[in-house]
Amino acid sequence: MSTYRPAAQPSPIPFLKGHGTENDFVIIPDPDNALALSVSAVAELCDRRAGIGGDGLLRVVRSAAHPEARSMADRAEWFMDYRNSDGSVAEMCGNGVRVFARYLRRAGLVQAGDLAVATRGGVKKVHIAKDAGTGADETGSGAITAHMGRALLTEDDVTVAVGDRGWPARNVNMGNPHAVAFVDDLAHAGNLFTAPPVSPASVYPDGVNVEFVVDRGPRHVAMRVHERGSGETRSCGTGACAVAVAAARRDGLDPAVTGEPVTYTVDVPGGRLVITERPDGEIEMTGPAVIVAEGVLDAEWARRLDTL
């Protein structure tokens, strides 16, 4: 006589939702690198109508368990597997790394103070303030500082266009590429639903994040950004760093020459970031990072993700 055995149920997949200056992310804890999230599955999770919704996805993996991060495991226990909202892979996300650190602290996986995070853009140092919030019932909205590395500036002649307007742009690489254009009015950026044309395209073979910048006061600017793979977002951490460096050079300020750090306040649609460039070239970004929700993916919906 046969015995009926019900089909094995898939293990629940936990998730969290967080944001840094309203640049929002789906967070998937996967310490053992057990989940294979396809491009389509990530896009579905980040869909604002059919999924959880987010500008990107942060998968939390132990560096030793991920082939792209094993070489960094001796320097950083945790790897931030970052994907854009269309499912494409990205090297680094400044707001994302702060939210990533917030999750690790909230989950009790790290202590307050200095933390190293492995990313596709290298190992990034983060500082979590002791009063930044740790408990499961806290949003933990205190500021976190991320060490973003050094900016690479080139003298490429780059132009950004919107409609019949065009502006020269500064090519700044923060582990990912940026084209920074200074404009008279942020409305000149248009709707930013689609990527503004950048020429020559050969300068950015893998696409580019485009920032439009206006002045607000001494060492104080505001920006809008089109992030490759995501469209316009409420904030972009690496973009804010690129903007601060581009603004400093435009203003004749170079910490490597003066020996003095330079700090710019950068307003983004989702809030405010403070960017400091040190004489050794190291760039620090300080801003909020908030966890707003957590839950478990519906089993049937999660099972469907495996087929995408």
Side-chain angles (χ1 to χ4, degrees), residues 16-28 42 46 48 52-60 78 80-86 88-106 115 117-122 124-129 132-133 139-149 151 172 174-178 180 192 209-211 213 221-245 264-276 283-293:
L16 298 92
K17 181 71 180 288
H19 77 90
T21 49
E22 297 182 13
N23 194 188
D24 61 335
F25 308 96
V26 178
I27 305 162
I28 302 292
V42 171
C46 291
R48 296 194 181 279
I52 298 169
D55 293 321
L57 181 142
L58 309 174
R59 191 164 65 108
V60 184
W78 295 99
M80 182 179 77
D81 176 15
Y82 178 65
R83 318 287 184 89
N84 294 312
S85 62
D86 65 354
S88 60
V89 170
E91 300 91 339
M92 171 58 182
C93 176
N95 287 314
V97 78
R98 295 199 326 278
V99 173
F100 188 89
R102 172 73 67 219
Y103 164 75
L104 292 177
R105 181 70 186 105
R106 187 178 190 273
L115 168 69
V117 175
T119 76
R120 291 185 177 88
K124 302 300 180 184
K125 295 180 180 178
V126 180
H127 182 80
I128 306 172
T139 59
S141 59
I144 290 179
T145 298
H147 296 249
M148 302 293 290
V172 184
M174 285 298 308
N176 55 2
H178 297 268
V180 180
L192 292 184
N209 303 296
V210 182
E211 288 81 24
V213 188
V221 296
M223 62 174 268
R224 290 176 61 197
V225 58
H226 176 95
E227 287 196 65
R228 57 176 181 169
S230 297
E232 181 171 16
T233 58
R234 299 285 292 170
S235 180
C236 174
T238 57
C241 293
V243 163
V245 171
Y264 275 74
T265 298
V266 181
D267 291 342
V268 296
R272 175 169 290 179
L273 296 165
V274 177
I275 313 297
T276 298
I283 297 171
E284 298 174 356
M285 175 183 63
T286 300
V290 182
I291 302 296
V292 298

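As a basis for the values below, the full set of heavy atoms in this structure was taken, side chains included, without hydrogen atoms, waters or symmetry mates. One-based numbering along the sequence shown.
The distance from atom CZ of F100 to atom OH of Y82, rounded to the nearest 0.5 Å, is 13.0 Å. Expressed to the nearest 0.5 Å, how far CE of M174 lies from CG of N209 amounts to 11.5 Å. Between T276 atom OG1 and M285 atom CE the span is 11.5 Å, to the nearest 0.5 Å. The line from NE2 of H127 to CG of L115 is 11.0 Å long, rounded to the nearest 0.5 Å. Here the CG atom belonging to L104 is positioned 10.5 Å from the CE atom belonging to M80, to the nearest 0.5 angstrom. Between R59 atom CZ and I28 atom CD1 the span is 9.5 Å, to the nearest 0.5 Å.
Residues satisfying the side-chain hydrogen bond (donor to acceptor under 3.5 Å, both in side chains) criterion with T145, sequence neighbours excluded, are T286. For H147, the side-chain hydrogen bond (donor to acceptor under 3.5 Å, both in side chains) test picks out no residue, with sequence neighbours left out. Take S230 and apply the side chain to side chain contact (heavy atoms under 4.5 Å, CB included) test, not counting sequence neighbours, and it matches N84, S85, E227, T233. Judged as a salt bridge (Lys or Arg N to Asp or Glu O under 4.0 Å), and not counting sequence neighbours, the contacts of R228 are E91. Applying the salt bridge (Lys or Arg N to Asp or Glu O under 4.0 Å) rule to R120 yields the partners E68, D81; only residues at least two apart in sequence or on another chain are considered. With sequence neighbours left out, H19 forms a side-chain hydrogen bond (donor to acceptor under 3.5 Å, both in side chains) with no residue at all. The side chain to side chain contact (heavy atoms under 4.5 Å, CB included) search around A244 returns Y264, V266, I275, not counting sequence neighbours. Considering only residues two or more places apart in sequence or on other chains, K17 meets the salt bridge (Lys or Arg N to Asp or Glu O under 4.0 Å) condition with D24.
H226 places a side-chain N or O within donor-acceptor distance of the main-chain N or O of L192, the cut-off being under 3.5 Å. R98 places a side-chain N or O within donor-acceptor distance of the main-chain N or O of G287, the cut-off being under 3.5 Å.
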